[in-house]
Amino acid sequence: MLKKVIGTKGAFFLASLIMVLSLSGCANSLAEQDSAGTVIYEEEMSENQETEQSEDAGTDNTSNNTETAIPAKNDTVDTAKSEAKAPAQSEPVSQSQAETSQPQAETSVTLTDKGKAFLAQMCNELNDFNSGQTMDDKFWHDFLFNSYTGGTSENAVTEQVYREDLGFEETVVKVSIQEAQERVKRVSGIELPDFKPSFEDMEKGQTSFYYKDGNYYIGVSDLPDYQYTFSECVADKANTSNTIVKYTIDFMGESNVGTVTLSISPENNENGFIICSKTTEFVK
């Protein structure tokens, strides 16, 4: 009986001891779990904080980059628009540059007032011709006759010649052949040919023009009252060695009834030029 009681007590004690040990183990286990949970939570919090800080930093960087990039983009767009809208402007060209880029054609002859006056005289005295034309006797007759018939020169020598066919004495200008040759050379640059008409060769009633003893005798008469006014002097585009000179024609109170165009080229003579051609055009 005593053994049974002791056994019962021992069993109770053993059960109590086991219970205590079990509770102690549970407590330790709970403590370990709590400790482990705390560590894990702290680690997770640390990682989350780093992630959030990284995200915050990224957000801040993105924000900063956005703030920086947007104005740059706007500047680029505005600049592009400004460049697109702005019209292309060329640098101003000065007058001297314009003249250099478009040079004026220079004339081959520098025409003086004396030269202009001489050409105006030739408009009245010289028949139309061109450089390729053969100068016949009629051409030289007309030129010399028109050059001296007026007798306007102060040095002109005049004489009286009886004209049986006319029945009276005619006033004539006496011109040496040397003077006539010099005039032809001065005007055209060529030599006067052997042109010596005789008195007997003249037609009845015509104004005197004949050669005798080294002189030409040219009857005095009037030429048509044409007035010639200098118009322009320009370079000859077809022949750069020549210069084109133009005169307008006035007649009996009417202006610009026609135009005389002369082509001249440089020459070492009193005028500084010779005449290569002459063309007269009247307004129709």
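As the structure is a prediction and not an experimental result, all values here were calculated from the model.
At a threshold of 4.5 Å between non-hydrogen side-chain atoms, the residues I177 and K196 count as touching. Contact annotation: the side chain of C123 never approaches that of T280 to less than 4.5 Å [non-hydrogen atoms, C-beta and beyond]. When side chains are defined from C-beta on, N124 counts as touching L223, because their heavy atoms get closer than 4.5 Å. Put simply, the side chain of K278 reaches to within 4.5 Å of the side chain of V260, judged on heavy atoms. Counting heavy atoms from C-beta outward, T207 and E170 have side chains that approach closer than 4.5 Å. Between T243 and F273, every side-chain heavy-atom pair lies at or beyond the 4.5 Å cut-off. With contacts defined as side-chain heavy-atom distances shorter than 4.5 Å, the pair S265/I274 qualifies. Using a 4.5 Å heavy-atom cutoff, the side chains of P197 and H141 are not in contact.
Nearest heavy atoms, F139 versus N127: CE1-O, 4.2 Å. Nearest heavy-atom pair across T240 and S108 is O-CB, 4.1 Å. In terms of heavy atoms, A180 sits closest to V175 at N-CG1, 4.2 Å. Closest of all the heavy-atom pairs between S241 and P266 is O-CD, 3.2 Å. When all heavy atoms are compared, the tightest approach of I275 to F129 is O-CZ, 3.6 Å.
Atom CD of E164 is surrounded by 12 or fewer heavy atoms from other residues, nucleotides or ligands within 6.0 Å. Annotation: E281, atom CD; neighbour count of heavy atoms from other residues, nucleotides and ligands within 6.0 Å does not exceed 12. Taking a 6.0 Å sphere around CG of D222, one finds it holds 12 or fewer heavy atoms contributed by other residues, nucleotides or ligands. In this structure, E254 places its CD atom where only 12 or fewer heavy-atom neighbours from other residues, nucleotides or ligands lie under 6.0 Å away.
Between R163 and E169, none of the side-chain N atoms (NZ, or NE/NH1/NH2) sits under 4.0 Å from a carboxylate O, so this pair counts as no salt bridge.
Note that OH of Y148 is 7.0 Å distant from CD1 of I218, once rounded to the nearest 0.5 Å. Rounding to the nearest 0.5 angstrom, the gap separating the CD atom in Q181 from the CD atom in Q178 is 6.0 Å. Considering CG of L126 and CD of Q121, their distance stands at 11.0 Å, rounded to 0.5 Å. If you take CZ on R186 and CG on N269, they are separated by 7.5 Å, rounding to the nearest 0.5 Å. Between the SG atom in C276 and the CD1 atom in I264 there is a gap of 8.5 Å [rounded to 0.5 Å]. If you take OG1 on T279 and CD1 on I244, they are separated by 9.0 Å, rounding to the nearest 0.5 Å.
Under the 4.5 Å side-chain heavy-atom criterion for grouping Ile, Leu, Val, Met, Phe, Trp and Tyr, V220 is not connected to M202 through any hydrophobic cluster. In this structure, F209 is not a member of the same hydrophobic cluster as Y162, with clusters built from ILVMFWY side-chain heavy atoms closer than 4.5 Å. Side-chain heavy atoms closer than 4.5 Å link hydrophobic residues (I, L, V, M, F, W, Y) into clusters, and following such links, even through other members, never connects V173 to V161. Tracing side-chain contacts under 4.5 Å through hydrophobic residues (I, L, V, M, F, W, Y), one never reaches F145 starting from V172; they form parts of separate clusters. Criterion: ILVMFWY side-chain heavy atoms under 4.5 Å apart, direct or through other members. Under it, V184 and Y217 are not part of a common hydrophobic cluster.
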Check your understanding: Yes or no on side chain to side chain contact (heavy atoms under 4.5 Å, CB included) for T171 and Q160, after CA distance, side-chain angles and deciding distance?
Key -> CA-CA 5 Å; T171 303; Q160 300 296 317; 2.9 Å; yes

Exercise for review: Would you sort out whether T149 and S221 count as a side chain to side chain donor-acceptor pair (under 3.5 Å), showing the intermediate values?
Suggested key: CA-CA 6 Å; T149 190; S221 64; 2.7 Å; yes

Review point. When you look at M122 and F143, which way does the side chain to side chain contact (heavy atoms under 4.5 Å, CB included) test go after all the steps?
Key: CA-CA 9 Å; M122 292 302 101; F143 172 64; 4.1 Å; yes

Practice item. Report the C-alpha distance between Q227 and F251 in whole Å, list the side-chain angles of each, state the deciding distance to 0.1 Å, and finish with yes or no for side chain to side chain contact (heavy atoms under 4.5 Å, CB included). Key: CA-CA 6 Å; Q227 303 295 320; F251 182 67; over 6 Å; no

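The aromatic rings of Y210 and F199 stand perpendicular to each other, their planes meeting at an angle above 60°, with 30° marking the opposite boundary. Under the 30°/60° scheme for interplanar angles, the aromatic rings of Y247 and F230 are found to stand perpendicular.
Residues Y226 and F282 place their aromatic rings such that the two centres sit under 6.0 Å apart.
The residue from T259, I249, D250, L119 that alone fulfils the side chain to side chain contact (heavy atoms under 4.5 Å, CB included) condition with Y228 is I249.
Between the side chain of S208 and the backbone N or O of G219 there is no donor-acceptor pair closer than 3.5 Å. In terms of modelled atom types and a separation under 3.5 Å, the side chain of D165 and the main chain of G205 share a donor-acceptor contact.
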